[in-house]
Amino acid sequence: MSESPKSGNESGSDAVKALSNDLDANIKWLSGELGTEPDIVIRRFQVLRNKRAALVYISDISNDASINTLMMSMLDEGLKPVADEYEEEPLQALMLRSITVGAIRQLNSLDHVLLAILEGCSVILLDGFATVIAADTGGSEKRGVEEPSSQTVVRGPKEGFTESVRTNTALIRAKIKSADLRMEYKRIGKRTQTTVVVVYIRGIAEEKTIQEVNRRLDLIDTDSILESGYIEEFIQDKTFTPFPLFQNTERPDAVAAGLLEGQFAIIVDGTPFVLLAPVTFIKFFQSSEDYYQRYDIASFLRLIRLSSFLISMLLPSLYIAITTFHQEMLPTSLLISLAAQREGVPFPALIEAMLMELTFEILREAGVRMPRIIGSAISIVGALVLGQSAVQAGLVSAAMVIVVSFTAIASFVIPSVNMGSAARLIRFAMMFLAGTFGLFGIMAGLMIILAHMSGLRSFGVSYLTPLSPLVPGNLKDVFVRVPWWAMKKRPSMYGGEPTTRQGSGKQSAENQGNNSQEGKRDR
Amino acid sequence: MTAKRTARSVAVMALCLFMLTGCWDRIELNELAITSATSIDRDGEDWVVTFQVVIPSTISSGIGIMGAGSGSSPVIVYSTKGKTIREANSRSYLESPRKLYFAHNRVIVISEETARRGLNPILDVYLRNPDARETVDVLISRGNSRNVLEQLMQIERIPGNGIREINNREEKYLSALPEVKMYELAMSLSSDSASTLLPEVYLSGKTETDSLKVFEKTTLPSKIRLGRIAVIKKDKMVGWLSRQEGLGVAFIRNTVDKSFIAPACPNDPSKRASIFLGSSTTKLKPSLQDGKLSVKVQIKSSGSLTQTDCGAKDLNNPETIAELEKAAEKEIVTYAESGWRAVQRLKTDAVGFADMAHRKYRRQWHKWEKDWDSVFADIQIEVTANVTLSNVGLSKEPIQVERLMEGKK
């Protein structure tokens, strides 16, 4: 993927600039690096009676309360008599007796110190020591946990990830209280130093996959990671494909479910969108709600989604192909009605469809980009002017407006936005094929897409599994979802050891009740 | 590197696509003249082909549709003449602004004269060309067939479609006239019996209903109707069967689906009952005696009594039912025998005995094949019918007002 393998972005291989023993020299260097902006605080004080010390932090990204407590405790320490054993080890004394922050680190490289300060740590420098203590007092403004805006459910948890990686890991930990839940922290991006966390469950996720994702993440050599999309493009198996090779979600429950099936998650600081991989085609049609609703309605909805994908991809091209090449396939009355609508339409069906589809795409993009307040204006323009008036003016046929609107609605049914966009892109190619070759072109296009999909891999997992290669054991959650108690085994497609999800022999309460005497006695 | 090569090969393949004439049969809907019915007449040695072309804008109403609306005629009819059917077709380009489109052609009406002169060219045209469908209904018209196409129809806006619907309903509920599609026609003409029946369509009434103005009244001056049954032998029409004979032949041919018969009452021949036959099957039992073929025709029908005028009879009594059934059987046998006499008169094996004989007596068939007409003329048939009345309706006695009043007292 990346052409020349590059060493890790952590400054480990570079020459480490060590701290000096002199407090003043250290402070001078730091203030030289950080500048004299008003939010950079360098507080000198005395500790352990006579030791000169300094606290350095950036006030805007630190938590005032914890810094206050820390300062208070350390100033307090300055007054207390010091036991002899600590005279020799003032740094130890500080850590043992007066630092109120839980997470502390000892650093001795200037770069690391700088980075710690930029992250929101408070750094305590002590005169005469080339080691500093970095206490995690970070805490900038955070958005609270809210309902996800992109993936809503009727039934199910309403919480969504936030921009803070800590909140996000907390949300996952709250779902899976297992010691096997692993979170590997990384920093990617030379300038942004973005925290990236690889989350997986040890024993369920395949080890090789985890090694591979770590390898790929380490290969990333960029100056900035601002969203998980950056990571996705850097490490996905294939770039030139309309199909997404990563699932992204705002929902902690979806991530937890993915982890429990053997996927791994990549959380990127600064975005609520968490990546899940390896992924298969069918995964994009599974909504987390499928598993909370009854299995029958969930299966029905899943079939609706799959057919909506086909509609969204093919309906305009089918309309073009049938009305311009295969008129004999239409029932006579429909043909006459369509022909009547096309009377006076100046464009060929292909151009007509292209016009309307592009119009819709523009409308949709406008709807996403424009300020919410003007929202109603676009619906009026979109619905009345472009829909009804275009038909009345004889520019497009009414049937075409119906086709385009239905296609649009169908494309919103797909739970995953990026799979929806795949369908959108393919739709245009298919329309050209249909306009030039008719149904033959559509068929050829579908063949090419199928061949392409069969060749796709997401971290070694074939994109069409479990359909191709066929894994009969994993078909319980593809087109239909069988009841939970019937899904005894974890799907094996993401690798790893197959593990059981349900105790063997345990079935629904109904079956248990019928089999056991106790059930009868209870009644 | 590989991406470059892939891109190059894709580009080469895309260029190859331009060499293929991809758009050869691409045609927009508003470039089509959708033909709903075709008729074929002869003028001397020339063929006159008439097209009934649908004007979509007058049929479908809705916003944004340009056109004159429902005030104008839903179809337009025009004829072209040529030395062959296809030549006549091609002459349509001289006068039609759009390309004639036959895939939705519902009926083809052939004039009696054309049919008597031979159907071979028509079959050839339909079976050779992919644009003409073999599922089109074939009908025979008395006189000029163009008149049938010019006729407008009640309820159905497109007359071609209406004719097909009439033909279809009739075959389903009366079974006297068959609905014959082009491929069925070709199949039965190429079978051993080499003959078939075609329904007749004609205009009843004095003047033609060829203008929308007549629809301002409840009564139309003329109507499209189905009439007799044309008998085709080899590829030529040889004569007509009446509807009664047609139903009789249908009984023998086992093509009766549902039908109505009105047998005379067992006790009073001047009055009649009415029986709806829900199903009917016919078994042919051929036998060979002294080299002469005779056929037992066993008709088995079941139906329900839909009307009776047969005086005061208790319909709960099985004997009454049996008598009615016997009357119905007699009626069916009469029909079948009259049909049989008609096909013998026309010396045409429209009942399809040749195929039966070929299957049953393969050895003799080689001999018969050469002169099937004379063998057919000698065939004796014996018709038996078995009718089961499964339902007599809601009242057990015929309704007679005087008796109802007596009951009140």
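Quick note: numbers below take in every heavy atom, side chains included, and nothing from hydrogens, waters or symmetry partners. So that the names make sense, note that chain A is the first sequence line, chain B the second, and so on, each numbered from 1.
Atom CG of B/Asn30 is separated from atom CG of A/Leu338 by 11.5 Å, given to the nearest 0.5 angstrom. Interatomic distance, CD1 of B/Ile158 versus CD1 of A/Ile336, reported as 3.0 Å (0.5 Å rounding). Note that CG of B/Leu32 and CD of A/Gln327 are 4.5 Å apart. Values are rounded to the nearest 0.5 Å. How far CD of B/Glu28 is from CD1 of A/Ile320: 9.0 Å, rounded to the nearest 0.5 Å.
Atom OH of B/Tyr78 is surrounded by more than 12 heavy atoms from other residues, nucleotides or ligands within 6.0 Å. Heavy atoms from other residues, nucleotides or ligands lying under 6.0 Å from CZ of A/Phe406 number 12 at most. Around CD1 of B/Ile76, the count of heavy atoms belonging to other residues, nucleotides or ligands within 6.0 Å does not exceed 12.
Shortest non-hydrogen contact noted between A/Pro331 and B/His104 is C-CE1, 3.9 Å. Considering every non-hydrogen atom in both A/Glu343 and B/Ser57, the closest pair reads CG-CB, 4.0 Å.
When side chains are defined from C-beta on, B/Pro56 does not count as touching A/Gln341, because their heavy atoms never get closer than 4.5 Å. Using a 4.5 Å heavy-atom threshold, the side chains of B/Ile34 and A/Leu335 count as touching.
In this structure, the portion of B/Tyr101 lying under 4.5 Å from any heavy atom of chain A is its side chain and not its backbone.
Heavy-atom neighbours of chain B within the stretch residues 444-454 of chain A, taken at a separation under 4.5 angstrom, are nonexistent.
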Take A/Glu328 and B/Arg133 through the test salt bridge (Lys or Arg N to Asp or Glu O under 4.0 Å) and record every step on the way to the result. CA-CA 9 Å; A/Glu328 66 277 1; B/Arg133 281 195 181 179; 5.8 Å; no

